[in-house]
Amino acid sequence: MLSSFSSAREIQVSQLHFKQVLLPGGWSREVRLSIADGRIAAVHVGVAAGEADERHAIGVPGLPNLHSHGFQRGMAGLTEIRGASSDNFWTWRDLMYRFVARMTPEDVEAITAQAYVEMLEAGFTRAGEFHYIHHDPSGAPYGDIAELGGRVAAAAQASGIGLTLLPVFYAHAGFGGQAPDQGQRRFVNSVDRFARLLEASRAAVAGCTGAVVGIAPHSLRAVTPDELTAILALADTGPIHIHIAEQTKEVEDCIAWSDSRPVQWLLDHAPVDRRWCLVHATHMTGEETRAMAETGAVAGLCPMTEANLGDGIFNAPEFGDAGGGFGVGTDSNVLIGAADELRQLEYSQRLRLRARNVISTTGIASTGRALFDGALAGGAQALGVAGGLAAGLAADIVSLDADSPALAGRSADAILDGWIFASRRSPVDCVWTSGRRVVTNGRHHQAESVAAGFRRRLEGLLEA
Ligand SMILES: [Zn+2]
């Protein structure tokens, strides 16, 4: 086990003072955030820094990372090799399955911890872990059926990142209930066993401050309609995430199976609402785009992974015009960065539309601000928490280094534009989660020990 922070019940009181900080109503100057028991107890605007204040120049809310497969950080950069035939998502998935086949619980914990440390250093303060490896390499459940969910929780606890654990239900290799293949044996459950796994997962996160447990039917490929109905009944009030319409082959297979496209099928057959996060939703018609926006479900966009895997480009302008909300996720964790995801999201739209400043919010000129606000609101909704810096909410805070060249002379929204579009090095300075500082000068407090554990595990895995 990695060493972990002391009990969440330990009460801490502190005061942070920012020259400028992004509050729910916009940028404010000379602001004190009082923190007690992991939450923001009070926000005072227009007050000079006092002796009891820890002083910082620029503060923004921590961003939620709504879609992660932590263990995939271990194979980042290992699949950038061209095979005998042309490479695509499905050849990448074959490699991922071979990696999965070898991983021990210790591997999962150490690799996920590295991913979470990197997320925190990048300005993410909560991870939505779409967790689908459940069983041992033979496909048999561990003695504790939620052993690997517990390892994810241990990684979250050790790093200090907030956790929304999304245990994945996976049962089939393709549409129409096809039998799972060998590469999927560590993922597969019956509905009954999934119910037990979910209960055990709720117990497994008990040590993580502010943890949320939702559910994740993996995709329409992996879940039959009857199974979908059965597992939705187990969701309680937590979030519901599903991979959908990531690949054109998936769309074609769905049409062949049901005469309907994936998003259309889901909206016709499931009670999709604000609790849902539709991850990717890359390939939608205009009609699907508008219908999805109307449900209030969040579009879980993973622009770097979608680019890396050659998935396609989300229809952002039409979705935004219809009132749809989005968040961002690091998904395959090929490169972990909050600013990087937001920049890629905007740049993919610019390339597609041959236009500039595409992602926008009414009344706000800054693209960086529109991206940041969108990802904060949509990410928090998708992870079952409230986001932003306000009294009563978790003290998940990021400070930025005002001396960073990309932020020179900037204030307010221009800070976000400088961070997202113009920083060669991340200006993230300090990061607090639930009121506890876990990153200082851009480095996680346990970065070295976590990286050492990660290296040891990778050396073993890649030798095997
Ligand atoms: Zn994913």
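Computed over heavy atoms, backbone and side chain alike; hydrogens, waters and symmetry mates excluded. None of these values were measured; they are calculated from a predicted model. Quick note: residue numbers are just sequence positions, from 1. Whatever order the structure lists ligands and atoms in, that order sets their numbers, starting from 1.
When the options Phe169, Phe194, Tyr170 are evaluated for a ring-ring contact (aromatic ring centres under 6.0 Å, His included) with His218, the one that passes is Tyr170.
Taking backbone and side-chain atoms together, Cys302 has no N/O/S atom less than 2.8 Å away from the Zn ion (ligand 1). At least one N/O/S atom of His243, from backbone or side chain, sits under 2.8 Å from the Zn ion (ligand 1).
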Practice task
Decide side chain to side chain contact (heavy atoms under 4.5 Å, CB included) for Leu120 and Ser159; before the verdict, give the C-alpha distance in whole Å, the side-chain angles of both, and the deciding distance to 0.1 Å.
Solution key: CA-CA 8 Å; Leu120 287 159; Ser159 68; 3.9 Å; yes

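To the nearest 0.5 Å, atom CZ of residue Arg356 and atom CD of residue Gln349 are 14.5 Å apart.
Between His67 and His243, the ring center distance clears the sub-6.0 Å criterion.
Note on Asp331: its N/O/S atom closest to the Zn ion (ligand 1) is OD1.
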